[in-house]
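A quick write-up on the structure given underneath.
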Number of protein chains: 2
Amino acid sequence: MPNMKHIAKMAGVSLGTVSHVINNSARVSEPLRQRVLEAVDALHYQPSALARGLRRDKTNMIGMVIPDVTNPFFPAVVRGAEDTAFANGYRLVLCNTDNSHAKEMEHLEQLRTYLPAGLIIIPSSFGKLSEEVESFRRSGAAVVFLDRMPRNWKGDSVTVSNNDGAFRAVQYLIQLGHKRIACITGPLHLPNAQERLAGYKRGLKLAGIPILEDYVRKSTFDRVGGYNDALALLRLRNRPTAIFAQNDLMAMGTLLAIRELKLRCPQDVSVIGFDDLDVTELMDPPLASIRQPGYQLGSTAVQMLLDRVNVDEVRAAPGQHRVLGTELRIRESVAPPNATIGGKQPTR
Amino acid sequence: MPNMKHIAKMAGVSLGTVSHVINNSARVSEPLRQRVLEAVDALHYQPSALARGLRRDKTNMIGMVIPDVTNPFFPAVVRGAEDTAFANGYRLVLCNTDNSHAKEMEHLEQLRTYLPAGLIIIPSSFGKLSEEVESFRRSGAAVVFLDRMPRNWKGDSVTVSNNDGAFRAVQYLIQLGHKRIACITGPLHLPNAQERLAGYKRGLKLAGIPILEDYVRKSTFDRVGGYNDALALLRLRNRPTAIFAQNDLMAMGTLLAIRELKLRCPQDVSVIGFDDLDVTELMDPPLASIRQPGYQLGSTAVQMLLDRVNVDEVRAAPGQHRVLGTELRIRESVAPPNATIGGKQPTR
DNA sequence: ATTACATTTTGAAAGCTTTCAATTACTCCA
DNA sequence: TGGAGTAATTGAAAGCTTTCAAAATGTAAT
């Protein structure tokens with residue numbers, strides 16, 4: 001592999017000149033400039049990202065730390081991030097944490113040794129993580145939190161209007177005539193789960209519907225979680241007529257549970273999810289959901305990160321906290337309670 | 001950030017000794033060793049991956065080049081890869097190519113400047129790509145092709161039994177009584193599309209069913225592709241009673257097309273896909289499919305890659321070509337032709 | 001032609017690690 | 001105690017780039 005020395009020799013100039021031409025870091029007379037460019041072309045020269053990073057104290061890599069690509073909400077986010085990173089000459093290092101604090105920390109510590117330009121994090125733990133991240137930032141990396149954010153984070157972040165989305169979903173259900181509305185939440189140490197829960201409660205409160213302990217089930221953001229807790233809800237003496245699952249994976253689990261108990265959706269139970277995955281419209285029944293702009297979430301995060309990187313040293317610029325909108329998508333999984341004659345009556 | 005010099009000074013030893021302790025690259029007396037380790041601990045020292053890579057001519061990064069994480073088949077593959085990479089101290093750089101040759105090349109050229117330990121590629125083009133990859137390999141990186149492979153590739157690869165999977169799907173349909181079986185293929189310059197098509201043809205041939213031009217539609221591996229070509233198939237005078245879509249995304253498009261034309265699946269048309277995505281069982285109707293072990297595909301690829309990296313310089317070791325099995329998953333989207341009374345008769 | 005000044009160009013240092021040849025320390029035996 | 005031989009330790013070079021102070025070149029004015 002050719003290096004700068006080769007170029008310098010071939011073009012008959014010094015190392016410094018080659019560097020200046022390549023980086024446009026100083027005025028170089030046209031003839032020399034041409035000779036260098038020709039040599040670069042002839043030898044197919046590409047600067048070593050390692051040496052460059054070592055010298056500059058910063059590489060063009062962005063660490064992206066997420067819980068699990070396999071959760072169908074995340075690929076769009078990753079894609080949005082990768083696209084705008086790529087477009088700006090940056091690369092993405094993907095790290096799955098499985099919501100494990102230990103893995104999260106291990107990834108971060110490793111990443112740091114690469115001097116990445118920045119970090120995009122969908123955190124699953126807080127506390128020690130925040131410290132680690134703060135130290136990252138002090139050492140010059142830009143950090144953007146995505147989707148979830150530590151309570152007292154002062155830097156940049158992108159999230160969605162979780163509270164509002166949930167609120168409007170509940171409001172819609174109430175409008176249809178539902179009074180017994182349950183909620184399956186994600187792990188409540190996660191801010192987004194908290195916010196969606198708050199939105200749910202706000203909706204009920206506004207309509208004067210009391211909030212029942214039994215109707216709020218703390219679960220995990222995956223299908224089996226949704227399945228299990230839906231089962232529990234559906235077996236209540238006072239079975240809910242509508243279930244709001246805090247993400248689509250849990251909503252799918254809910255649909256399975258409904259099927260398992262030989263109930264029907266939406267006649268016996270309405271279901272509404274959160275995320276609006278691509279597949280929702282193909283499901284049986286098509287799943288109503290609250291749309292989150294996944295791709296945009298990722299691309300915005302990288303955009304903010306790069307802004308921060310480029311503004312360079314104006315660390316004074318206060319952290320931005322951008323919130324993207326959500327949108328209610330109604331589909332056949334919701335209907336007024338006891339919509340059809342023959343809908344099974346609740347056991348009480 | 002602390003560096004080796006700091007450690008050396010603190011422990012009262014030379015740079016060389018620190019390095020030896022950290023890498024176990026030479027015998028170091030126990031007292032010195034302890035002092036170094038203590039210093040490392042005290043200062044929270046971590047070797048610079050950049051300097052190390054520069055010196056060693058190789059980093060612990062693996063470039064993973066795929067068409068699009070957003071295609072729901074890939075996340076599992078990526079996850080499998082990332083997991084076994086992580087477990088072995090390697091990191092994944094994710095690159096989406098959108099099936100674009102140009103992007104593919106750009107990613108590769110960029111990756112090379114990082115001296116990655118290896119590359120895992122799901123290629124979307126061949127020809128020039130193969131050259132580039134070959135040159136990568138000569139420069140010391142291990143390369144594994146995944147899912148698709150250039151025709152004359154001599155190195156490592158992991159794929160699945162595409163031909164066989166397709167064959168068995170077709171065989172099953174025939175067994176149910178279908179005679180008019182169509183196939184929606186992926187882009188035929190992709191080997192996996194080719195192989196699945198070959199399997200389809202083999203199945204028909206074996207049963208003595210003639211292969212109709214009209215029943216084979218070359219499409220793209222996504223939902224709209226499937227939708228459009230399914231529409232075309234369903235409008236044929238001699239409408240097929242079963243459609244084999246070469247991946248689940250296209251199969252979903254097919255279901256939409258069927259719905260659009262007010263036909264019913266499986267009564268009017270049976271549908272079978274390929275991939276067996278997680279969501280298939282929740283669809284309407286649940287989609288029969290040929291299962292591919294996505295996670296295993298990714299993890300095997302990284303495993304092979306690391307084997308190659310570690311065996312070190314025994315470049316003589318011949319390329320391995322591993323083929324993972326596929327499995328037929330029958331669900332309600334397939335049934336005998338004209339299963340129910342009232343199934344619309346084909347218009348001639 | 002000389003001086004002063006602006007513009008280009010250069011060479012070396014720094015960034016951090018690994019590795020190898022050379023040096024130092026140590027053990028054992030005569 | 002001296003010397004041979006082995007084991008442990010060291011220091012410097014190399015890997016590739018960027019950057020800065022210094023050197024060289026060019027221009028203009030006197």
From [atom1] of [X] over to [atom2] of [N], roughly how many Å is that when rounded to an integer?
X	N	atom1	atom2	value
B/Gln34	D/dT9	CD	P	13 Å
A/Glu30	C/dT9	CD	C1'	15 Å
A/Lys9	C/dG11	NZ	P	14 Å
B/Arg112	D/dC16	CZ	P	14 Å
B/Arg27	D/dT6	CZ	P	16 Å
A/His6	D/dC16	NE2	C1'	11 Å

Under 4.0 Å: is that the gap between some side-chain N or O of [X] and OP1 or OP2 of [N]?
X	N	value
A/Thr17	C/dT9	no
B/Ser29	D/dA7	no
A/Ser14	C/dT9	no

(request) Measure the spacing between OG of B/Ser130 and CD1 of B/Ile121 and express it to the nearest 0.5 Å. (result)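 Those atoms lie 9.0 Å apart.
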(message) Using a 4.0 Å heavy-atom cut-off to protein, can you give one letter per nucleotide of nucleotides 17-22 of chain D, 5' to 3': B if the base is in contact, S if only the sugar-phosphate is, - if neither?
(response) BBBB--
Determine whether [X] and [Y] make a side-chain contact, defined as any pair of heavy atoms from C-beta on separated by less than 4.5 Å.
X	Y	value
B/Leu305	B/Tyr90	no
B/Phe221	B/Pro67	no
B/Arg308	B/Val144	no
B/Leu111	B/Cys95	yes

(message) Within the 4.0 Å heavy-atom criterion, would you say B/Leu50 contacts the bases, only the backbone, or no part of the nucleic acid?
(response)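 The answer is nothing, as B/Leu50 stays clear of every strand by at least 4.0 Å.
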(message) Classify A/Val18 by what it touches in the nucleic acid, base, sugar-phosphate, or nothing, heavy-atom distance under 4.0 Å.
(response)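 It contacts nothing in the nucleic acid.
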Identify the pairs formed between an N or O of the protein and an N or O of nucleotides 24-26 of chain D at a distance under 3.5 Å, and give each distance.
none

(message) Donor-acceptor check, side chain of A/Asn3 to backbone of A/His6, threshold 3.5 angstrom: yes or no?
(response) yes
(message) Is the terminal nitrogen or CZ of A/Arg79 (NZ for Lys, CZ for Arg) located under 6.0 angstrom from the six-membered ring centre of A/Tyr295 and within 45° of that ring's axis?
(response)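 No, A/Arg79 does not sit over the ring of A/Tyr295.
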(message) Using side-chain contact (heavy atoms from CB on, under 4.5 Å), reason through B/Asn96 and B/Ile66 one step at a time and then give a plain yes or no.
(response) CA-CA 5 Å; B/Asn96 292 99; B/Ile66 69 176; 3.9 Å; yes
(message) For A/Glu134, is there an ion pair with A/Arg137 - N to carboxylate O distance below 4.0 angstrom?
(response)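 Answer for the salt bridge query: yes.
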